[in-house]
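Owing to the predicted nature of the structure, the values given are computational and were not obtained by experimental measurement.
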Amino acid sequence: MTTYKLNQNQTQRSSTLFSSNPVLRRMSKSSARATDSSCATYKGILVKTLYFLAATVAGFALFLLISPMLEFGHHIHSGIFDFYLPQMMVTGVAAIVGIIAPFVAIFAQRTAPVSGTLYTLSQGIIIAAISVFYKGAYSNLIVWAAVITLVIVFAMLLLFTSGKIRATDKFKAVTLTLLLSTIGISILGFIAFLIPATRGFVLVFAGNPIFGVVMSVVFIVIAALFLISDFQVIRETVENHHPKKDEWAVSFGLAFTVIWLYFKVLDLLMRIYSAKS
């Protein structure tokens, strides 16, 4: 039975590619390689990715199912925003899980099947909460966001497989710089909001719908570019014969990016809808 080992250059390149996604970064530290009968496959990664996305849909359906049962206690109503305290508590728990679960997947890769499932379920709950809390005002947008996200994913996959976009070191550096820059701007904006002298300046930008739309588009572009890095990671995982258990981490990494992209598309549609209303 033949075993496979990467040479030094291959190992260095694989490590660089894995560093583009925090969920997958720690995988590059392992030098273990599987035999033909137990190595990762494209089919296995696809099935597991679909599983995580299906878990998101399940979380969405679950919250819609239990939401009527949570309509008791303190009622908060403001314009189109309407919810009960128990509903908000469930959503809050989902948000906390959504923050913790990815870090668990990063530092304990063997938990990816469980932590990834919890994360995707929580995101489905949050998406359903948006629909419920706004009394269905954004229900159509939730569906359209899913359609647009799938179109973007397939478009980026086509660009990747055709070789028109490659996950080179320069590509990843530019993508990471864009992400850190936008996050930095957001943090600076939050800090400026806390300072009375600059709060008015921040509110001018925050209240400008065009600025919000532009920022949403920027994040969508960044998320789409990260898909290219994820596709390259998948290729490296399969071609370098990583163990089959690594399929879970790779699949979760891709699902994580797709869900992130979905939320940014939904945010853009909601901003456009609000501006027209």
Quick one, [X] and [Y] - any side-chain contact, counting heavy atoms below 4.5 Å?
| X | Y | answer |
| --- | --- | --- |
| Val218 | Leu178 | no |
| Gln123 | Tyr262 | no |
| Tyr42 | Leu46 | no |
| Phe60 | Ile142 | yes |
| Leu269 | Ile148 | yes |
| Ile220 | Val265 | yes |
| Leu227 | Leu254 | yes |
| Trp144 | Leu266 | no |

Would you kindly confirm whether [X] and [Y] end up in one hydrophobic cluster when ILVMFWY residues are joined by side chain heavy atoms under 4.5 Å apart?
| X | Y | answer |
| --- | --- | --- |
| Val214 | Leu180 | no |
| Ile127 | Val132 | yes |
| Val93 | Val90 | no |
| Val57 | Val97 | no |
| Phe211 | Ile187 | yes |

Might you point out which heavy atoms bring [X] and [Y] nearest each other, and give the distance in Å?
| X | Y | value |
| --- | --- | --- |
| Ile152 | Ala224 | CG2-CB, 3.9 Å |
| Ala40 | Glu247 | CA-OE2, 3.3 Å |
| Thr41 | Gly44 | OG1-N, 3.0 Å |
| Phe52 | Ala255 | CB-CB, 3.8 Å |
| Ile126 | Ala95 | CD1-CA, 3.9 Å |
| Ile228 | Arg166 | CG2-C, 4.3 Å |

message = For the CZ atom on Phe72, are there more than 12 heavy atoms of other groups (residues, nucleotides or ligands in this structure) within a distance under 6.0 Å?
response =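 Above 12, so yes.
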task = For atom CG of Leu194, decide whether the heavy atoms of other residues, nucleotides or ligands shown that lie under 6.0 angstrom number more than 12.
result =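 Yes, the 6.0 Å shell around CG holds more than 12 heavy atoms from other groups.
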ask   = Below 4.0 angstrom, N of the basic side chain to O of the carboxylate: do Asp267 and Lys264 qualify?
value =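 Looking at Lys264 together with Asp267, the answer is no, because their closest N to O distance does not fall below 4.0 Å.
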Closer than 3.5 angstrom, by distance alone: can the side chain of [X] be matched with the main-chain N or O of [Y] as a donor-acceptor pair?
| X | Y | answer |
| --- | --- | --- |
| Lys172 | Ala167 | yes |
| Ser251 | Trp248 | no |
| Thr111 | Val114 | no |
| Lys164 | Phe160 | no |
| Gln87 | Leu70 | no |

message = Under a 3.5 Å threshold, yes or no: a donor from one side chain and an acceptor from the other, between Tyr119 and Thr56?
response =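 Absent: no donor and acceptor within the cut-off.
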ask   = With distance as the sole criterion, is a donor-acceptor pair present between the side chains of Thr237 and Asp246 under 3.5 Å?
value =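 Short answer, no.
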task = Evaluate the side-chain hydrogen bond (donor to acceptor under 3.5 Å, both in side chains) criterion for residues Tyr51 and Thr120: first the C-alpha distance (whole Å), next the side-chain angles of each, then the deciding distance (0.1 Å), finally the verdict.
result = CA-CA 10 Å; Tyr51 162 78; Thr120 49; over 6 Å; no
With rounding to the nearest 0.5 angstrom, report the [atom1] to [atom2] distance, [X] to [Y].
| X | Y | atom1 | atom2 | value |
| --- | --- | --- | --- | --- |
| Leu157 | Ile234 | CG | CD1 | 8.5 Å |
| Ser115 | Arg110 | OG | CZ | 13.5 Å |
| Ile191 | Ile195 | CD1 | CD1 | 7.5 Å |
| Phe231 | Thr257 | CZ | OG1 | 9.0 Å |
| Leu179 | Ile222 | CG | CD1 | 5.5 Å |
| Ser216 | Arg271 | OG | CZ | 4.5 Å |

query = Where does the angle between the aromatic ring planes of Phe107 and Phe103 fall among parallel (under 30°), tilted (30 to 60°) and perpendicular (over 60°)?
reply =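 Ring orientation of Phe107 relative to Phe103: parallel.
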task = Please work out whether the ring planes of Phe63 and Phe133 are parallel, tilted or perpendicular, with thresholds of 30° and 60°.
result =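 Plane angle over 60°, so perpendicular.
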message = Run the side chain to side chain contact (heavy atoms under 4.5 Å, CB included) test on Phe226 and Leu261 for me, step by step, so that the C-alpha distance in whole Å, both residues' side-chain angles and the decisive distance to 0.1 Å come before the verdict.
response = CA-CA 9 Å; Phe226 266 90; Leu261 174 62; over 6 Å; no
task = Measure from the ring center of Trp260 to the ring center of Phe219 and say whether it is less than 6.0 Å.
result =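 Not under 6.0 Å, so no.
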ask   = Given Phe154 and Leu158, is the side chain to side chain contact (heavy atoms under 4.5 Å, CB included) satisfied, shown in steps?
value = CA-CA 6 Å; Phe154 282 111; Leu158 179 61; over 6 Å; no
Verdict with supporting geometry, Ser122 and Leu118, side chain to side chain contact (heavy atoms under 4.5 Å, CB included) = CA-CA 6 Å; Ser122 70; Leu118 291 175; over 6 Å; no
